[in-house]
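Notes follow the structure.
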2 protein chains.
Amino acid sequence: MYDLIIIGTGPGGYEAILTALRKNLNIAVVEKGKLGGNCLNRACIPTKYLRSGAYQIEKLSKLKDYGINIKDFSLDYTKAFESKNSSISFLRNSLAQLLKSKKVPVYKGVGKIVDKNKVLIVKENSTTEIIEGKNIIIATGSVPASVGNLVPDGNYIITTEDYMERLSTLPKSMLVVGGGVAGCEIGYIAKIYGCDVYLTELQDRLLPSNIISQEISKYLLRKFKSIGIKTHFQTTVESYQIKDNSIDVKLSNGEVINVEKILLTVGRKPNTLDIDTIDIEKDSKGFIKVNEYLQTNYENIYAIGDVINSPMLAHVAGYEAKIALHNITSQEKESPNYDLVPWAIFSAFEIGHIGLNEELAKEKGVEIISGYYTYRFNEKAVDELEPDGYVRLYFEKDSKIIVGADVVGSGASELIHTISTFIKEKYTAKQVHDFIYFHPSLTEILAYASYDVAIGKLF
Amino acid sequence: MYDLIIIGTGPGGYEAILTALRKNLNIAVVEKGKLGGNCLNRACIPTKYLRSGAYQIEKLSKLKDYGINIKDFSLDYTKAFESKNSSISFLRNSLAQLLKSKKVPVYKGVGKIVDKNKVLIVKENSTTEIIEGKNIIIATGSVPASVGNLVPDGNYIITTEDYMERLSTLPKSMLVVGGGVAGCEIGYIAKIYGCDVYLTELQDRLLPSNIISQEISKYLLRKFKSIGIKTHFQTTVESYQIKDNSIDVKLSNGEVINVEKILLTVGRKPNTLDIDTIDIEKDSKGFIKVNEYLQTNYENIYAIGDVINSPMLAHVAGYEAKIALHNITSQEKESPNYDLVPWAIFSAFEIGHIGLNEELAKEKGVEIISGYYTYRFNEKAVDELEPDGYVRLYFEKDSKIIVGADVVGSGASELIHTISTFIKEKYTAKQVHDFIYFHPSLTEILAYASYDVAIGKLF
């Protein structure tokens with residue numbers, strides 16, 4: 001009997017493996033697809049790879065300021081797609097090598113929990129095998145959701161997974177349905193590599209979420225317009241017709257467009273169908289119910305990541321994996337705290353958020369004031385030809401303690417971590433301002449964004 | 001009578017101006033040269049500008065992985081130099097505009113303190129004027145030092161200031177004397193833009209300082225060798241002879257080289273010559289002596305930045321400016337604490353350091369252990385084609401509290417700030433490891449570099 005069976009090797013399962021091995025547990029791993037799961041193979045990592053490429057393409061035109069005269073260049077999306085695959089293979093193989101060198105059995109197949117200590121593996125060739133474990137972690141992630149009349153067919157109507165894993169040729173034109181994170185990330189990539197991109201969003205802005213400030217949505221939209229992404233808000237797909245290798249799409253605003261592909265980016269749902277035969281409790285949306293220690297209704301069976309109703313983010317899965325492993329191996333149990341989960345988006349801009357913003361503060365009944373500074377006057381941003389962006393810091397009005405931040409611009413996904421520690425340690429605006437930042441760094445924008453609140457206004 | 005006279009507008013003086021205006025002080029500014037001082041006009045900012053250019057040139061060859069095929073490109077160093085000047089002008093003008101809009105008098109000339117409340121301004125046309133202030137801040141910075149037989153002539157033997165402010169044409173060949181920060185930064189820029197670079201260093205490694213680990217020096221040296229910078233350690237210039245528009249240099253190791261320029265990067269000395277006629281106390285090296293509140297032997301006269309014997313860094317000057325302003329305007333006085341001054345270097349790699357390393361820990365009698373992780377396996381670094389680099393975290397051996405870090409690689413100058421807060425708040429390895437990092441980010445390398453110490457080793 002294994003100490004622990006981990007079902008799924010995405011960012012949750014992967015972290016669980018690493019921690020379990022370091023704690024010298026005797027583990028087995030069940031994986032129905034590729035090692036690394038969705039994040040590594042079909043989502044975060046390939047998307048950021050291609051986004052980095054798109055960003056570099058945009059940057060080429062600026063390089064003359066460095067005396068770099070590029071006389072001629074061409075783009076080959078398929079080459080980018082293939083290099084992306086190589087990079088992902090490298091990362092996936094490093095995980096495979098680790099499992100091999102630590103002699104961890106990897107059961108290839110779908111895992112189904114048939115007893116509180118037993119997992120039935122259904123292999124690709126339909127043979128089955130039962131393995132036993134003292135503990136089980138369910139980390140089976142999520143799958144793309146679909147919407148209304150739009151059903152993915154893997155060819156004309158595709159999911160983000162189709163796009164990242166199989167679409168090695170850039171379509172000439174594409175309609176992105178959904179202006180959330182995936183829509184804004186992939187829409188940007190496709191546009192910059194040369195695809196004609198349309199985007200529809202049911203709500204009235206990009207990145208519609210209480211996590212993302214209206215100010216960020218507007219900033220990004222201005223950029224989308226300037227690069228020629230055609231956005232339609234409060235708009236849905238009314239009907240479509242496939243003919244002559246393309247799709248005629250009628251939008252709810254009356255417009256008719258013709259595109260090669262429709263990309264569905266309308267969210268994800270937990271991958272819990274058929275996960276067990278022992279009535280592990282799920283909520284109405286299919287999420288597995290867990291208690292504060294991440295245990296299901298069986299105390300030796302834990303669930304982490306996208307299968308439970310916590311923020312659907314890779315690093316949340318990893319964070320929960322650490323907590324589950326702690327709880328499996330310790331008497332004193334820990335609980336997750338989601339207050340300081342960082343958010344980042346890699347679209348035309350890098351966008352980061354941590355803690356509260358205006359909308360979240362209002363929901364929580366916290367009165368806030370904010371401080372602002374732009375990248376345009378930050379010396380490092382100027383040196384790196386990255387003048388687009390800003391930082392907005394939010395402070396509790398009376399105490400002037402920092403409670404949140406929005407960051408748009410180069411390095412946003414890194415800067416939010418320093419801010420996260422400030423929030424965690426309840427720094428006042430003056431402490432944020434007086435902190436010793438390297439000059440020139442992007443992080444020192446925090447000193448300037450806290451100046452008004454900490455010391456007083458300039459005007 | 002002004003509330004405050006600020007002599008010098010570098011990073012110390014500039015920050016003093018900003019803070020004083022926000023505190024509604026009635027100020028006057030004295031500046032003998034360009035607004036922004038050495039950092040903005042001749043050091044940090046222009047160096048990072050040209051370094052960003054050099055780094056982009058190196059990156060061009062990798063871009064084929066993004067499907068970007070650059071058929072042909074050429075380099076024009078003079079264009080880079082001129083764009084650098086434009087960017088600096090933009091930043092300098094924004095300071096000028098601020099002073100103008102706030103109606104702050106700027107006295108152009110050399111300021112000499114002739115009474116504890118009086119500054120004599122000696123203008124360029126030799127006329128003089130005396131202004132009076134309740135308080136005075138001396139922020140006159142530093143000037144390049146010279147060494148032995150090498151005396152800068154502004155043409156063949158040049159300083160870093162000559163290089164950054166006047167050398168608009170890249171020399172064909174150059175000897176960099178000194179392998180410290182400026183030598184490693186400018187040597188890299190010149191080499192990548194096409195100059196044949198030699199580098200001599202008196203000691204046995206690059207960046208010789210107890211702040212910089214041997215491991216960093218070796219990592220950088222490998223790269224320098226791979227790009228063809230010719231390094232000579234434990235070597236000095238024995239003699240040189242200028243003829244036919246070039247210099248024959250005989251090194252102490254017997255080698256003879258011929259170069260167009262010799263760049264002196266052998267440190268800086270405080271700019272305190274002739275600063276006063278009232279016996280403001282200085283130490284044997286010329287640094288102005290200050291007490292724990294940054295006051296000179298006159299309690300209304302403060303000194304900050306390179307003119308006092310604290311780390312010669314722009315952000316230290318800014319930090320001291322804030323403290324001086326606080327002390328000028330408050331009854332409860334503050335003192336600077338230099339334990340968490342961040343260091344960053346922008347050479348072939350971005351290099352960052354904060355807190356202790358092995359050598360500093362030994363000096364302090366602190367027993368440490370360390371954790372390590374490489375950029376090569378970090379997903380964001382892979383996505384951004386930035387696999388070179390590593391993080392080494394240092395922990396106090398018994399408590400496992402983090403006490404320092406070295407970071408080499410993309411974003412190093414940003415990552416050190418998150419680590420700085422961890423050190424400041426005395427996080428244990430487990431707290432560093434359990435912190436919620438965004439995935440994929442470079443900052444999450446910290447979770448992996450703390451894994452061994454926090455949870456246990458993998459092998």
Side-chain angles (χ1 to χ4, degrees), chain A residues 11 19 21-23 44-45 48-49 52-53 56-57 63 65-77 79-80 83 87 91 94 314-315 318-319 322 340-342 344 377 379-380 382-384 411 413-415 417-418 421 425 434 436-443 451 455-458, chain B residues 11 19 21-23 44-45 48-49 52-53 56-57 63 65-77 79-80 83 87 91 94 314-315 318-319 322 340-342 344 377 379-380 382-384 411 413-415 417-418 421 425 434 436-443 451 455-458:
Chain A
T19 301
L21 291 175
R22 288 166 187 270
K23 287 173 177 266
C44 331
I45 311 307
K48 271 69 180 171
Y49 188 97
S52 296
Q56 280 289 337
I57 293 167
L63 296 188
D65 283 354
Y66 290 143
I68 303 172
N69 301 312
I70 294 171
K71 280 152 199 157
D72 195 13
F73 74 95
S74 64
L75 297 180
D76 179 349
Y77 182 79
K79 176 67 172 71
S83 305
S87 289
L91 292 166
S94 80
H315 45 290
Y319 172 63
K322 293 175 190 178
L340 288 178
V341 169
F377 296 109
E379 291 86 350
K380 194 180 177 206
V382 168
D383 280 348
E384 297 187 339
S413 67
E414 312 300 340
L415 266 60
H417 296 97
T418 297
T421 62
E425 302 303 333
D434 287 348
I436 313 183
Y437 302 96
F438 186 83
H439 177 75
S441 66
L442 298 171
T443 309
Y451 229 145
I455 307 294
K457 293 199 171 172
L458 200 50
Chain B
T19 302
L21 290 175
R22 286 165 189 271
K23 287 173 178 267
C44 330
I45 310 310
K48 272 68 180 170
Y49 188 97
S52 296
Q56 282 288 338
I57 293 167
L63 296 187
D65 283 354
Y66 290 143
I68 304 172
N69 300 312
I70 294 171
K71 280 153 200 158
D72 195 13
F73 73 96
S74 63
L75 297 180
D76 180 348
Y77 181 80
K79 176 68 171 68
S83 304
S87 289
L91 292 166
S94 80
H315 44 291
Y319 172 64
K322 293 174 189 178
L340 288 177
V341 169
F377 296 110
E379 291 85 351
K380 193 180 179 206
V382 169
D383 281 347
E384 297 187 337
S413 67
E414 312 300 340
L415 266 60
H417 296 96
T418 298
T421 63
E425 302 303 334
D434 287 348
I436 313 183
Y437 302 96
F438 185 82
H439 177 74
S441 66
L442 299 172
T443 310
Y451 228 144
I455 307 294
K457 292 198 171 173
L458 201 49

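Lettering follows sequence order; numbering is per chain, from 1. All heavy atoms count here, side chains included; hydrogens, waters and symmetry mates do not.
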Item to check | SB check Lys48(B) Glu379(A) (cutoff 4.0 Å) | outcome: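 Salt bridge flag = no for Glu379(A) with Lys48(B).
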Side-chain heavy atoms of [X] within contact of [Y], under 4.5 Å:
| X | Y | result |
| --- | --- | --- |
| Gln56(A) | Glu384(B) | no |
| Ile70(A) | Ile70(B) | yes |
| Asp76(B) | Asn69(A) | yes |
| Val341(A) | Ile436(B) | yes |

Compare every heavy atom of [Y] with every heavy atom of [X], then report the nearest pair and how far apart it is.
| X | Y | value |
| --- | --- | --- |
| Ser441(A) | Ser413(B) | CB-O, 4.1 Å |
| Gly53(A) | Ile68(B) | O-CD1, 3.9 Å |
| Tyr49(A) | Tyr66(B) | O-CE2, 3.4 Å |
| Phe438(B) | His315(A) | CD1-CE1, 3.1 Å |
| Gly456(B) | Arg22(A) | O-NH1, 2.9 Å |
| Val382(B) | Ser87(A) | CG1-CB, 3.7 Å |

Is [X] in contact with chain B via its backbone, its side chain, both, or neither, using a 4.5 Å heavy-atom distance?
| X | value |
| --- | --- |
| Glu425(A) | side chain |
| Leu458(A) | both |
| Tyr319(A) | side chain |

Tell me, for [X] versus chain A, whether the close heavy atoms (under 4.5 Å) come from the side chain, the backbone, both or neither.
| X | answer |
| --- | --- |
| Lys322(B) | side chain |
| Ser94(B) | side chain |
| Ile45(B) | both |

query = Listed by chain and number, what are the side chain to side chain donor-acceptor pair (under 3.5 Å) partners of Asp434(A), not counting sequence neighbours?
reply =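 For Asp434(A), the residues satisfying side chain to side chain donor-acceptor pair (under 3.5 Å) (neighbours in sequence not counted) are Lys430(A).
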Largest heavy-atom contact set with chain B, pairs under 4.5 Å, which of [options]:
| options | value |
| --- | --- |
| Pro11(A), Ala344(A), Cys44(A) | Ala344(A) |
| Thr443(A), Thr19(A), Leu21(A) | Thr443(A) |
| Tyr77(A), Phe377(A), Phe73(A), Tyr451(A) | Tyr451(A) |
| Ala314(A), Gly411(A), Gly67(A), Ser83(A) | Gly67(A) |
| His417(A), Lys457(A), His439(A), Lys23(A) | His417(A) |

message: So, taking the atom named CG in Leu75(B) and the one named CG in Leu63(A), what distance separates them when rounded to the nearest 0.5 Å?
response: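 It comes to 10.5 Å.
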Once side chain to side chain contact (heavy atoms under 4.5 Å, CB included) is applied, do any residues pair with Ala80(B), and if so which ones, sequence neighbours excluded?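 Counting only residues at least two positions away or on another chain, Ala80(B) forms a side chain to side chain contact (heavy atoms under 4.5 Å, CB included) with Leu50(B), Tyr193(B).
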